[in-house]
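Written below as structure tokens is the structure these notes are about.
A note on names: the letters A, B, ... follow the listed sequences, proteins ahead of strands, and every chain is numbered from 1.
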Amino acid sequence: MPKTLYDKIWKQHVVHDFGDGSVLLYIDRHLVHEVTSPQAFEGLSVAGRKMWRHESVLATCDHDVPTTDRSAPISDPEAKLQIETLDENCRAYELRYYGMDDKRQGVVHVMGAEQGFTLPGITLVCGDSHTSTHGALGALAFGIGTSEIEHVFATQTLVARKSRNMRVMVDGALQLGVGAKDLVLALIAQIGIGGGTECVIEYQGEAVENLSMEGRMTLCNMTIEAGARAGLIAPDEKTFAWLKGLPLAPGHEHWEKAVAYWKTLRSDSDALFDNEVRIDASKIEPYVTWGTNPEMGAPISATVPDVAKEADPIKRQSRLKALEYIGLKPGTPLDGIPVDKIFIGSCTNGRLQDLREAAAIVKGRKIAPTVKLALVVPGSGVVKELAEREGLDKIFKEAGFEWREPGCSMCLAMNPDKLLPGERCASTSNRNFEGRQGYGGRTHLVSPMMAAAAAIKGCITDVRKML
Amino acid sequence: MQPFKTLTAKAAYLPISNIDTDMLVPKQYLKTVKRSGLGRVLFAEQRYDADGAPRPDFVLNKNPDVQILMAGENFGCGSSREHAPWALADFGIRVIIAPSFADIFYNNCFKNGILPLRLRAQEIEELRAKDMPITVDLENQRVTQGRLSFQFEIQPSCKEALLEGLDEIEKVLKLKGEIEAFERKHFEEQPWLGTFHA
């Protein structure tokens, strides 16, 4: 029977079939960070259990870390305790750990993929919903809760039920000034934030093949915002080129054999998908969210929708509440909404290519005087160093941006980087939920190019006019 | 884990779809290294005003003793934080009834003795309309309230885990030999997975 890529990776990892729709799935690799892991380590220790395979773990701290001077102590005692707890746990269990003083430290999903920890065909989990990012390399990667982290620590497996197969076919080519972030925001606006629930989405088509590895990671990263379990893109020459020579990727002794195997990781041409969505890439404009979840988005040329006309009463109420929170009136053009702060970074858009795209817009310009703060937070120490080598830090700093140390930062505002009540932000992150970037803060999700354009103009604006 | 068999309790209704885990437990409360004590911050930004005083009109402030929560579709979307079910359980919620749930949250519930239960929006509307306790019978997969009676679907292994309150890790470790055999074969086929170059 013809198989999808998901079917193949799944089958390859089934240890035991319980015969009731659930299986025991082997987990190859496990990323760990400070926020969702302490209770899992504690559970393991309280039960007196050993860790099954400590080599399968790669840990870093990212959610809580300050993005300012790293030589200064962490001022927040709770964050400090959480990071120290991870330090201790990694020592006790002999885990590979890139802590605050390590150049390789970074947002867990940026760091894992750039170290070669993520490989095609593997199963990879992390106590973080944006683990879907790693599907860009053809890994079956998904977020889990803390009890499941403990389960993987103890057994190297999960009890899992197979999701359905969904295909998103993206035909045509993206316009200049339009990137993976716009594509995925357009997709979520179309299918909704529950549109992928109980599915694994495989992305195919010309526009997907033409995306950079970073763009593919942005696409798979936001797949969770459509409610899907995971995103997948079949590995190709671009994937192999990305991986070759990375510290944790297969070395020369295994390389040829690994690539030969990875080349088999494609959906069969006659494989059946449970549902399918087609998108014409050439019709996508730069996208902006106007509400409080990622499906509430529209092309930059649009206006804030008249949500009172929504037929479904629960949806209408949610959208009315969203507009009240975000402080926008129906009919307001998205192009021209003033912003207070800019955030460029996160596991969605904190990679080198993202920073390059933003810097190209910023170069030789200054941020608008009305913008109170414009942050660039590189996704990892490696991204930061490579960007500095290209002089991107200078471009941003000369324009008036702050160039920070790596971490999750204002994507979820667990560290001191946050919005104040009522402040409006053009952000390259992944969630515009109420309070996500700070209590009362208002988030507009955009691409790195669009965030850069907003910084210069002081308002949400069409970056295509600035190219 | 506390087993779940049947429950008759008062229910609260939140007429909101896409209740996300940021709403259930805002991120400022994720800096804990413990599982306990999160009930007081459940729905914190809806439940308390800027000064930390309870908002009297919020449904959980009106009914602090409810054990069943009903809401709109796609409940628990967003972050994977298990702090969300920890907070719900600590508050006393044992059953969540919604038309659909986000995948990660759904799995997390079963690890914490919470039954996430799918009913159609119309059925929830009928339950909501009567201000009466609801009975949830997991063994028979049935929700009743007065003359109303609705059947629900649940995956057998999830049902068993809740009914028995069993420790899944203990159960899986009984298959230790199978896992070890799988691992040997897996690393033989893909030797690059068993070792690191660096």
Side-chain angles (χ1 to χ4, degrees), chain A residues 15-16 18 20-22 24 26 28 35-36 38-39 42 47 49 55 64 76 78-79 81-82 85 122 127-129 143-148 150-151 154-157 159 161 193-194 197-198 227 229 247-251 254 258 261 293 314-315 317-318 412-414 431 433-436 439, chain B residues 15-18 20-23 26-28 30-35 45 50 72-74 77-83 85-86 100-105 107-108 111-112 121 155-158 160 167-169 171-173 175-176 178-179 182-183 186 189-198:
Chain A
V15 175
H16 181 91
F18 293 107
D20 65 352
S22 66
L24 192 63
Y26 188 79
D28 290 310
V35 175
T36 56
Q39 297 87 351
E42 189 193 50
R49 291 184 178 124
E55 305 95 317
D64 284 357
D76 176 349
E78 285 182 306
L81 175 65
Q82 214 167 41
T85 304
I122 65 167
D128 190 283
S129 58
I144 56 176
T146 299
S147 296
E148 289 181 317
E150 186 183 334
H151 196 285
T155 71
Q156 209 61 42
T157 63
V159 176
R161 298 176 301 278
I193 63 170
T197 304
E198 293 173 28
R229 198 80 179 98
L248 303 177
H254 295 306
Y261 171 65
N293 76 39
I314 289 190
K315 210 168 178 180
Q317 192 171 346
S318 296
L412 84 167
M414 276 187 77
R431 291 192 177 128
F433 296 157
E434 286 188 20
R436 172 81 178 183
Y439 183 76
Chain B
I16 312 173
S17 50
N18 304 312
D20 58 72
T21 54
D22 275 77
M23 203 188 290
K27 75 284 175 144
Q28 59 269 34
L30 301 185
K31 290 179 200 164
T32 173
V33 294
K34 303 277 171 226
R35 291 172 199 248
E45 289 177 359
E73 61 178 12
N74 200 27
C77 61
S79 147
S80 68
R81 61 190 67 162
E82 201 162 318
H83 307 69
W86 293 337
S100 61
F101 292 88
D103 294 342
I104 305 176
F105 176 82
N107 285 345
N108 284 343
K111 319 288 181 192
N112 294 284
Q155 217 266 333
S157 65
C158 294
E160 185 195 319
D167 179 347
E168 198 179 56
I169 296 179
K171 181 181 131 187
V172 165
L173 281 175
L175 301 171
K176 191 164 183 271
E178 261 183 84
I179 303 170
F182 174 91
E183 200 166 47
H186 191 54
E189 285 168 3
Q190 297 180 56
W192 57 90
L193 293 180
T195 55
F196 284 98
H197 186 62

Counting only non-hydrogen atoms closer than 4.5 Å, does [X] touch chain A with its backbone (N, CA, C, O), its side chain (CB onward), both, or neither?
{"X": "B:Gln190", "answer": "side chain"}
{"X": "B:Ser100", "answer": "neither"}
{"X": "B:Ile16", "answer": "both"}
{"X": "B:Glu189", "answer": "both"}
{"X": "B:Gln155", "answer": "side chain"}
{"X": "B:Pro156", "answer": "both"}
{"X": "B:Phe105", "answer": "neither"}

Which answer fits [X], side chain, backbone, both or neither, if we ask what part of it has an atom under 4.5 Å from a heavy atom of chain B?
{"X": "A:Ala413", "value": "both"}
{"X": "A:Ile193", "value": "both"}
{"X": "A:Ser318", "value": "side chain"}
{"X": "A:Glu434", "value": "both"}
{"X": "A:Thr146", "value": "both"}
{"X": "A:Arg431", "value": "side chain"}

Mind ranking [options] by heavy-atom pairs under 4.5 Å with chain A and telling me who comes out on top?
{"options": "B:Asn74, B:Thr21, B:Val33", "result": "B:Val33"}
{"options": "B:Ser80, B:Ala102, B:Ser157, B:Pro26", "result": "B:Ser80"}
{"options": "B:Glu73, B:Met23, B:Lys34", "result": "B:Lys34"}
{"options": "B:Glu168, B:His83, B:Lys171", "result": "B:Glu168"}
{"options": "B:Gly194, B:Gly78, B:Ala121, B:Gly72", "result": "B:Gly78"}

Identify the two heavy atoms, one from [X] and one from [Y], that lie closest to each other, and give their separation to 0.1 Å.
{"X": "B:Thr32", "Y": "A:Gln39", "result": "O-NE2, 3.3 Å"}
{"X": "A:Gln82", "Y": "B:Leu30", "result": "NE2-O, 2.8 Å"}
{"X": "B:Lys27", "Y": "A:Leu412", "result": "CG-O, 3.0 Å"}
{"X": "A:Ala154", "Y": "B:Ile169", "result": "CB-CG2, 3.8 Å"}

Can you see whether B:Glu82 engages A:Ser147 through a side-chain donor-acceptor pair at a distance of less than 3.5 angstrom? yes
Can A:Tyr26 and B:Glu183 be counted as having a side-chain donor-acceptor contact under 3.5 angstrom? yes
Apply side-chain contact (heavy atoms from CB on, under 4.5 Å) to the pair A:Lys315 and B:Asn18, showing each step before the final yes or no. CA-CA 9 Å; A:Lys315 210 168 178 180; B:Asn18 304 312; over 6 Å; no
What option among [options] has the most heavy-atom pairs under 4.5 Å with chain B?
{"options": "A:Gln317, A:Gln156, A:Glu148", "answer": "A:Glu148"}
{"options": "A:Val159, A:Thr36, A:Asn293, A:Thr85", "answer": "A:Val159"}
{"options": "A:Gly194, A:Ser129, A:Pro38", "answer": "A:Ser129"}

To the nearest 0.5 angstrom, please state how far the CG atom of B:Asp20 sits from the CZ atom of A:Phe433. 4.0 Å
Give a yes or no on whether a salt bridge exists between B:Lys31 and A:Asp64, defined as a side-chain N under 4.0 angstrom from a carboxylate O. no
Residues B:Arg35 and A:Glu42 bridged, charged N to O under 4.0 Å: no
Determine whether B:Leu175 and A:Leu24 make a side-chain contact, defined as any pair of heavy atoms from C-beta on separated by less than 4.5 Å. yes
Quick check: do B:Ile104 and A:Ile144 have side-chain heavy atoms less than 4.5 Å from each other? no
Is there a side-chain contact (heavy atoms from CB on, under 4.5 Å) between A:Arg49 and B:Leu173 once you walk through the steps? CA-CA 10 Å; A:Arg49 291 184 178 124; B:Leu173 281 175; 3.8 Å; yes
